[in-house]
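Contents: one structure, followed by commentary.
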Amino acid sequence: MAYDHTAIEKSAREKWSGLNLYTADLADGTREKYYLLVEFPYPSGDLHIGHWYAFAVTDIYARMLRMRGKNVLFPIGFDAFGLPAENAAIKNGVDPKEWTYKNIERMRIQLASMGVSFDWSKEVLTCDPSYYQWTQWLFAKLFEHGLAERRLAAVKWCPKDQTVLANEQVIDGHCERCGTEVVEKRLTQWFLKITQYAERLLAGLETLPWREEIKEAQRAWIGRSDGAYLRFDLKTDFQGRTLESIKVFTTRPDTVFGATYVVLAPEHPLVREITSSKFQISNKDQIEKYINETEKKTERERSENKEKTGVKLEGITAVNPATKEEIPIYVADYVLGSYGTGAVMAVPQHDERDHEFAIKFNLPIVDTKFAEWGEIAEMGGVKATQYRLRDWLVSRQRYWGCPIPIVYDPSGKPHVIPAEHLPWLLPTDVNFTPTGSTTLTTGGPKSPLASSKELKERVTKIFGEGWTPEYDTLDTFVDSSWYFLRYLDSKNSHSFSDPALMQHWLPVDRYSGGTEHTTMHLLYARFFNQALYDLALVPVAEPFKERFNRGLIMGLDGGKMSKSKGNTLNPDEFVQKYGADAVRIYLAFIGPYNEPGSYPWNLDGVSAMRKFLERVVRLVEGHLVSTQNIDTKCPSIQRALAHASIKVSNDGDRFKFNTGIAALMSLLNELEKEPHVSRKTAFTFVILLAPFAPHLAEHLWGQLGGEGSIHLAPWPAFDASLLATDTAEITVQVNGKRRGSITLSLHGTEEEALTLAHEVPAIRAALGGRKPSRVIYVVGKILNLVV
RNA sequence: GGGCGAGUAGCCGAAUUGGUACAGGCGCAUGGCUUAGGACCAUGUCUCGCAAGAGGUGGGGGUUCGAGUCCCCCCUCGCCCACCA
């Protein structure tokens with residue numbers, strides 16, 4: 001058999017490992033730099049088709065750019081902290097660290113089987129102290145500048161994973177990781193103040209050449225709303241302390257005349273104050289009961305049950321600042337405590353939700369005039385902007401994560417752990433099982449780290465008696481918010497990254513990743529970098545110039561691959577049968593990589609790619625005997641080669657590998673028709689194929705007598721003039737209908753085109769002797785005669 | 001419910017700026033080569049028509065000499081957000 005892929009791939013990989021082909025020289029400023037980044041994997045220990053799609057296809061571009069003379073940085077690492085390691089520990093009693101490093105070891109080998117040209121010399125492992133030392137250092141910087149803050153807040157809690165979650169990790173009221181319904185808890189937790197950057201994150205999008213849908217998804221997530229604050233004075237008939245007013249946020253201050261009641265969220269501090277005080281509210285019990293009921297509800301129940309509920313505060317009213325009328329105040333859970341001021345003015349005439357509530361509670365719905373801004377300002381209205389974005393909750397009550405570099409003094413005040421004590425090591429003497437029991441904080445759950453004796457002793461020893469550790473670890477999204485900075489200088493023990501290298505290599509030129517990270521990792525990383533930029537720690541505010549979201553490979557049934565559906569496919573099976581190169585080409589050919597569509601796996605498709613490669617082998621081997629370069633003078637072959645070279649290159653730039661491969665197939669079809677294909681032509685073809693099928697191309701290169709590795713060979717350069725022909729076939733239309741064509745010099749005039757057109761019988765017939773009233777002539781393309 | 005994207009052949013998909021719609025592949029058909037073939041090679045493959053020709057990019061309208069591409073309305077699917085005032 002001419003194409004023994006197993007042997008060919010093995011020997012190609014051996015050759016590469018000896019040549020150190022893919023190590024980027026970051027200090028080399030002589031060639032144009034290109035930082036190609038792909039989201040690093042979690043070391044689950046199992047390489048699936050999704051990984052192939054992510055890495056093998058992106059690799060095509062890395063290889064192509066290298067051959068095109070760019071200084072390419074294509075690094076890889078592992079996002080190695082996270083729950084699965086810990087769950088394995090709980091379930092099987094293995095050490096999370098051991099579990100993780102073993103998986104990494106396995107995945108390195110699996111990744112190598114793809115023939116991906118990663119630069120392993122810059123590998124980062126987020127779980128390694130040499131890495132998380134700097135995660136901690138950066139966190140400390142954010143803390144010092146007021147961008148990390150510990151505060152009591154209503155947070156989302158996953159009962160199964162026994163940890164809090166960031167807003168972004170709650171999907172439809174369920175835990176993003178395990179799908180368990182989340183509950184709300186009031187806990188003191190660490191937050192990164194991403195909301196301070198809402199405006200910057202929006203503005204930055206305008207500077208980026210990303211697909212509109214990615215930008216739009218981020219804009220929607222940030223959720224900017226422009227409106228105003230208005231004050232509704234309270235009218236009370238009780239003695240003692242006076243509550244002056246309720247501040248509401250509205251995007252429609254002009255509808256204030258129609259506000260017929262005011263609603264407070266059950267979490268609104270005023271509600272507590274009113275019910276717990278001596279105020280003369282006649283239905284305190286009822287209100288308290290309602291608040292308790294609301295607290296018991298999950299987020300989902302609260303939003304899914306659209307039936308409006310609420311309780312009126314009896315004995316207290318508000319004054320509409322526009323009409324000066326006294327209006328009732330309600331507590332209702334359709335108003336959220338975490339957005340705006342937690343209080344709204346209800347305008348049933350203009351707001352659907354208010355309308356529904358008004359109907360149910362029999363409140364007036366009045367048609368009103370609209371207020372001018374001048375009037376609103378006179379009422380004390382102040383323009384305001386609100387965001388849907390919430391601060392990023394980064395505390396996790398889990399073991400296998402980066403320890404938060406904080407200690408508490410005897411009074412409970414948090415202090416950053418000084419840099420000299422970093423890395424602040426994750427203790428090993430812990431009970432991994434999260435207990436969920438309450439602790440010293442505020443009725444919060446207990447983190448696994450709280451079971452470590454060593455950690456407590458460490459703190460006492462360094463900071464003194466009465467000092468206590470922070471027991472939570474950081475959300476793993478913090479780890480991955482800066483890993484691409486570390487790639488540039490992964491061994492540096494004095495700094496998180498080298499300023500000069502960052503200056504040269506940032507921003508990342510192209511970032512390839514999954515759609516699911518649009519409002520998580522991609523947003524976090526942008527925020528993190530903007531913050532570091534403001535602290536003069538990184539040279540660019542926007543870390544990623546281009547962003548490409550890839551699609552999804554579906555199962556044979558067209559559905560999303562999942563173990564429960566039993567429609568998963570094992571890439572190893574196909575690699576064994578058809579070879580890694582065929583699998584790579586298949587994935588690249590399955591659809592446009594620059595559009596996040598979903599592409600069903602097709603068994604015939606993989607074998608078709610294998611056949612294509614076999615034809616390539618036959619072409620090359622069949623012409624090995626020829627030492628002459630007979631066809632290199634043949635203009636049609638030269639044009640075909642030039643065309644393919646330019647097409648493959650351009651399509652690569654657009655991440656359209658499907659059409660690039662189609663161009664190679666067309667080229668092969670043409671070459672197969674030639675009676676004689678020279679060695680030089682075969683060389684060219686194999687070089688064009690190299691980014692796609694790196695192993696086979698390496699093999700054929702050797703057979704043809706190529707020196708060294710094909711992956712160091714320069715991309716074939718063709719003069720664009722080769723493609724420029726003197727003449728072109730021009731479509732001739734009569735009244736917009738195609739009636740024939742003429743062949744004409746590109747320098748030909750409209751008169752010449754007309755003369756030639758009149759010589760074509762079909763065109764003459766269509767004209768029927770009439771003289772065109774209008775002639776549209778587009779050089780090299782079309783001649784349209786309007787009669 | 002709102003936002004964004006998409007809809008092209010039996011299937012996956014091509015179509016730089018508005019300029020010959022369907023490249024490439026799959027599948028299918030016919031023929032060749034074969035003891036045989038699920039291998040390989042050749043040819044064909046949007047629809048109607050013997051042909052000349054006519055029609056055709058989810059449906060309807062519009063702009064234009066010319067629309068898959070631009071504009072308006074509708075339908076379907078996908079993704080994101082969703083009681084965010």
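Every heavy atom of this structure was used, including side-chain atoms; hydrogens, water molecules and symmetry mates were not. Just so we're on the same page: letters track the sequence lines, and every chain starts at 1.
Each of N658(A) and V344(A) has a nearest nucleotide on RNA chain B; the 5'-most of these lies closest to N658(A). Taking the nucleotide of RNA chain B with the nearest heavy atom to each of P592(A) and I776(A), the more 5' of the two is matched to P592(A).
Looking at RNA chain B, the stems built from 3 or more consecutive Watson-Crick or G-U wobble pairs, each pair with its key distances under 3.5 Å, are B:1-7 with B:75-81, B:10-12 with B:24-26, B:27-32 with B:40-45, B:46-48 with B:53-55, B:58-62 with B:70-74.
Comparing G25(B) with G44(B), their P atoms sit 13 Å apart, to the nearest whole Å. Rounded to whole Å, the separation between the P atoms of A6(B) and C71(B) comes to 11 Å. Comparing the C1' positions of A42(B) and U34(B) gives an interatomic distance of 15 Å, to the nearest angstrom. Annotation: U16(B) and G62(B) have their P atoms spaced 27 Å apart (nearest Å). With P as the reference atom, C26(B) and C73(B) are 42 Å apart, rounded to whole Å. Rounded to whole Å, the separation between the C1' atoms of G24(B) and U47(B) comes to 23 Å. Rounded to a whole angstrom, the distance from the C1' atom of A15(B) to that of U69(B) is 10 Å. Nucleotides U57(B) and A23(B), compared at atom C1', are 15 Å apart to the nearest Å.
Judged by distance alone, the side chains of D333(A) and T294(A) never bring a donor and an acceptor atom under 3.5 Å apart. With hydrogens and angles left out, the side-chain atoms of N549(A) and T515(A) include no donor and acceptor closer than 3.5 Å.
Between the CZ atom of R388(A) and the C1' atom of C83(B) there is a distance of 13 Å, rounded to whole Å. Spacing between atom OH of Y599(A) and atom P of C12(B) amounts to 11 Å, rounded to whole angstrom units. Atom CD in E352(A) sits about 10 Å away from atom P in G1(B), given to the nearest Å. Counting to the nearest Å, the C1' atom of C80(B) and the CD1 atom of I171(A) are 10 Å from each other. Straight-line distance from the CG atom of L613(A) to the P atom of G24(B): 18 Å, rounded to whole Å. Nucleotide C83(B) holds its C1' atom 18 Å from the CZ atom of R252(A), rounded to whole Å. One atom, CD of E595(A), and another, C1' of C12(B), lie 13 Å apart when rounded to the nearest Å. Between Q218(A) atom CD and C81(B) atom P the separation is 12 Å, expressed in whole Å.
Closest approach to the V335(A) side chain among G3(B), A85(B), C81(B) is made by A85(B) (side chain taken as heavy atoms from C-beta onward). Of the listed nucleotides (A85(B), C83(B), G19(B)), C83(B) has the atom at the smallest distance from the side chain of D333(A). Among G19(B), A85(B), A15(B), the nucleotide with an atom closest to any side-chain atom of K656(A) is A15(B).
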Any chance you could lay out the side chain to side chain contact (heavy atoms under 4.5 Å, CB included) test for F257(A) and T323(A), step after step, and finish with the verdict? CA-CA 6 Å; F257(A) 281 101; T323(A) 61; 3.8 Å; yes
side-chain hydrogen bond (donor to acceptor under 3.5 Å, both in side chains) for D354(A) and Y334(A)? Distances and angles first, verdict last. CA-CA 9 Å; D354(A) 298 343; Y334(A) 82 90; 2.8 Å; yes
Run the side chain to side chain contact (heavy atoms under 4.5 Å, CB included) test on T659(A) and K647(A) for me, step by step, so that the C-alpha distance in whole Å, both residues' side-chain angles and the decisive distance to 0.1 Å come before the verdict. CA-CA 8 Å; T659(A) 51; K647(A) 174 93 178 138; 4.3 Å; yes
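For H517(A) and Y511(A), the distance between ring centers is not under 6.0 angstrom. Remark: aromatic rings of F574(A) and W52(A) are distant, center separation not under 6.0 Å. With ring centers used as reference points, Y61(A) lies under 6.0 Å from F655(A). Y330(A) has its ring centre less than 6.0 Å from the ring centre of F357(A).
Remark: of the listed residues E39(A), E212(A), E213(A), E39(A) is the sole one forming a salt bridge (Lys or Arg N to Asp or Glu O under 4.0 Å) with R547(A).
Residue K737(A) places at least one side-chain N or O closer than 4.0 Å to OP1 or OP2 of G55(B). Neither OP1 nor OP2 of A85(B) sits under 4.0 Å from any side-chain N or O of Y334(A). Neither OP1 nor OP2 of C41(B) sits under 4.0 Å from any side-chain N or O of K673(A). Contact annotation: R618(A) side-chain N/O to C41(B) OP1/OP2 distance is under 4.0 Å. Remark: S225(A) is in phosphate contact with A85(B), judged by side-chain N or O atoms under 4.0 Å from OP1 or OP2.
Heavy atoms of R654(A) sit under 4.0 angstrom from primed sugar atoms or phosphate atoms, though from no base atom. No contact: R224(A) has no heavy atom under 4.0 Å from any strand.
Remark: the backbone N or O of L165(A) is not paired with any side-chain donor or acceptor of K156(A) at under 3.5 angstrom.
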Side-chain donor-acceptor contacts of residues 770-777 of chain A below 3.5 Å, not counting sequence neighbours, with atom names and distances?
from    : atom 1 : to      : atom 2 : distance (Å)
R770(A) : NE     : L767(A) : O      : 2.9
R770(A) : NH2    : A766(A) : O      : 3.0
S773(A) : OG     : V786(A) : O      : 3.1
Y777(A) : OH     : G748(A) : O      : 3.2

What pairs of nitrogen or oxygen atoms, one from the protein and one from nucleotides 25-31 of chain B, lie under 3.5 Å apart?
none

